[in-house]
Amino acid sequence: MATSTRRRLQHAHARIDRGQLPALAEFDAIRGLTGLGAHLLRSDPHGDLLRAVLNYLVRLTEPITDRGESVPGWWTRQAPSGRHSESFPGGHGNNGMAHGVGGPLALLALAMVNGVKVAGQTKAIKRICAWLDRWRQGGKTRPWWPYWLTLTQLSTRTHALSGPSRPSWCYGTAGLARAQQLAALATGDTSQQRMAEHALLSAMTDPRQLAATTDLSLCHGYAGLMHILRCADADAITPQFAACVPWLLNSVLSGTTERLAASGGDVGLLEGAAGIALALHALRTDAPPPSGWDAFLLIR
């Protein structure tokens with residue numbers, strides 16, 4: 001893994017030096033250097049290789065001029081699928097935790113909270129937060145973020161959606177709100193922390209957003225929402241989080257067998273039964289998992 005990480009860092013820096021845009025798989029949490037950084041933060045938090053990943057993520061946040069347009073450094077010419085698509089002729093800027101800039105934000109923040117710092121880290125955190133502030137929707141009542149932005153939307157400073165989609169970990173308000181809460185904890189920004197916690201609480205009490213959640217998984221289901229809520233509650237200055245847990249727990253427990261069967265019997269960690277069971281176990285023990293199994297989610 002160390003050899004692979006060094007090789008991927010070398011390629012990523014060379015790509016930045018050429019002024020080219022990244023592929024999602026270069027930097028994201030599922031396939032890229034952010035995910036490798038999550039492993040390093042857990043396994044070797046004070047090693048040079050984690051610092052090298054953080055230095056790369058700092059560079060990733062710096063703007064790039066592509067075809068005469070200034071775009072964020074994480075902008076990609078790919079579609080959210082990771083492939084080229086005529087539906088995204090200018091590429092897109094991905095906001096998600098799984099495949100977008102939410103993952104790098106969470107890793108930069110978690111590293112700083114744990115005392116791991118590199119030059120430009122605070123500036124990079126604030127640069128990402130400024131981007132998310134710019135695209136925050138819903139006013140002060142129910143803040144939410146679009147999953148991604150197209151080049152047309154970036155140029156016109158408008159977004160087409162009239163309301164939020166499901167508030168999942170992979171994409172949506174829950175994961176992004178936790179990432180921004182962690183960023184606020186890292187930088188000591190109480191105002192941002194209150195905003196992020198309000199966004200998470202609003203999503204967990206919005207019938208429309210909860211109705212859009214239709215499965216049980218960590219990735220985009222009730223187990224993920226429950227686990228995010230518990231992690232956020234441990235750091236929160238907003239007191240109402242605990243009251244949301246029973247409803248989410250009941251949503252996980254009710255009809256578990258039928259829903260797992262409907263998903264094809266997936267037993268995996270991210271989208272299947274193993275992840276659901278681990279989230280339930282963490283709730284039952286009411287303590288951080290000694291194994292650190294949830295490190296890959298970048299929410300603790």
Side-chain angles (χ1 to χ4, degrees), residues 8 12 15-16 20-38 41 53-64 66 69-82 88 90-112 118 120-137 143-151 153-154 159 164-165 167-184 186-187 189 192 195-196 199-200 219 228 296-299:
R8 294 180 70 168
R15 187 269 308 163
I16 295 174
Q20 297 175 343
L21 296 176
L24 291 176
E26 176 188 293
F27 69 85
D28 73 15
I30 295 295
R31 300 164 296 182
L33 283 160
T34 295
L36 291 167
L41 183 61
V53 171
L54 297 175
N55 281 319
Y56 155 73
L57 291 178
V58 169
R59 289 196 75 189
L60 183 73
T61 69
E62 297 171 356
I64 289 181
D66 180 61
E69 186 87 28
S70 179
V71 295
W74 61 86
W75 195 273
T76 178
R77 289 182 182 171
Q78 299 173 334
S81 65
F88 292 82
H92 80 291
N94 198 300
N95 292 335
M97 285 286 281
H99 298 297
V101 76
L105 175 62
L107 179 59
L108 288 164
L110 280 169
M112 185 172 287
V118 298
Q121 190 168 348
T122 299
K123 186 175 182 180
I125 289 172
K126 291 184 176 180
R127 187 180 284 129
I128 299 172
C129 288
W131 166 266
L132 294 173
D133 285 344
R134 173 182 174 184
W135 291 104
R136 185 171 64 239
Q137 310 291 307
W144 58 276
W145 292 267
Y147 286 2
W148 53 70
L149 282 307
T150 66
L151 190 59
Q153 291 164 345
L154 180 66
H159 191 267
S165 302
S168 52
W169 169 78
C170 53
Y171 285 101
T173 302
L176 268 182
R178 175 56 173 165
Q180 289 173 92
Q181 183 194 33
L182 290 168
T187 59
D189 190 335
Q192 184 189 41
M195 180 280 299
L200 178 56
C219 184
I228 290 170
F296 80 100
L297 294 170
L298 288 163
I299 58 174

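Everything numeric in this text was worked out from a predicted model, so none of it was measured.
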Under the side chain to side chain contact (heavy atoms under 4.5 Å, CB included) test, which residues partner Ala111, sequence neighbours left out?
Leu41, Leu54, Val116, Gln121

Ala38 meets the side chain to side chain contact (heavy atoms under 4.5 Å, CB included) criterion, sequence neighbours left out, with Leu298

Nearest-0.5 Å distance that lies between atom [atom1] in [X] and atom [atom2] in [Y]:
X: Trp169; Y: Ile299; atom1: CH2; atom2: CD1; value: 9.0 Å
X: Leu176; Y: Leu200; atom1: CG; atom2: CG; value: 11.0 Å
X: Ile228; Y: Ser168; atom1: CD1; atom2: OG; value: 8.0 Å
X: Met97; Y: Leu107; atom1: CE; atom2: CG; value: 10.0 Å
X: Phe27; Y: Leu57; atom1: CZ; atom2: CG; value: 9.5 Å
X: Gln192; Y: Leu132; atom1: CD; atom2: CG; value: 8.5 Å

Decide yes or no on side-chain contact (heavy atoms from CB on, under 4.5 Å) for Leu108 and Ile128, but give the supporting numbers first.
CA-CA 10 Å; Leu108 288 164; Ile128 299 172; 4.2 Å; yes

Indicate yes or no: at least one non-hydrogen side-chain atom of [X] is less than 4.5 angstrom from one of [Y].
X: Leu154; Y: Leu151; value: yes
X: Gln137; Y: Pro146; value: yes
X: Trp135; Y: Leu149; value: yes
X: Thr61; Y: Pro72; value: no
X: Thr173; Y: Pro143; value: no
X: Leu33; Y: Tyr56; value: yes
X: Pro80; Y: Phe88; value: yes

How close do [X] and [Y] get, counting heavy atoms only, and between which atoms?
X: Ala106; Y: Ala179; value: CB-CB, 4.1 Å
X: Leu21; Y: Arg15; value: O-CD, 3.5 Å
X: Ser70; Y: Pro63; value: OG-CB, 4.0 Å
X: Ala98; Y: Asp28; value: O-CB, 3.5 Å
X: Ala183; Y: Ile125; value: CB-CG2, 3.7 Å

Looking at Arg8 and Glu26, is there a salt bridge between them, counting it only when a charged N and a carboxylate O are closer than 4.0 Å?
no

Across all chains, not counting sequence neighbours, the ring pair (Phe, Tyr, Trp, His ring centres under 6.0 Å) partners of Phe296 are none

Check ring pair (Phe, Tyr, Trp, His ring centres under 6.0 Å) between Trp74 and all other residues, then give those that pass, not counting sequence neighbours.
Trp131

Going by salt bridge (Lys or Arg N to Asp or Glu O under 4.0 Å), name the residues that satisfy it together with Arg136, two or more places apart in sequence or in a different chain.
Asp133

Answer yes or no: is there a donor N or O on one side and an acceptor on the other, between the side chain of [X] and the main chain of [Y], under 3.5 Å?
X: His92; Y: Arg77; answer: no
X: Asp66; Y: Glu69; answer: no
X: Trp144; Y: Ala199; answer: no

For the residue pair Tyr171 and His99, does the interplanar ring angle fall in the parallel (under 30°), tilted (30 to 60°) or perpendicular (over 60°) class?
tilted

Could you go through the side-chain contact (heavy atoms from CB on, under 4.5 Å) check for Asn94 and Thr76 one step at a time?
CA-CA 8 Å; Asn94 198 300; Thr76 178; 5.8 Å; no

By side chain to side chain donor-acceptor pair (under 3.5 Å), which residues pair with Arg59, not counting sequence neighbours?
His13, Asp17

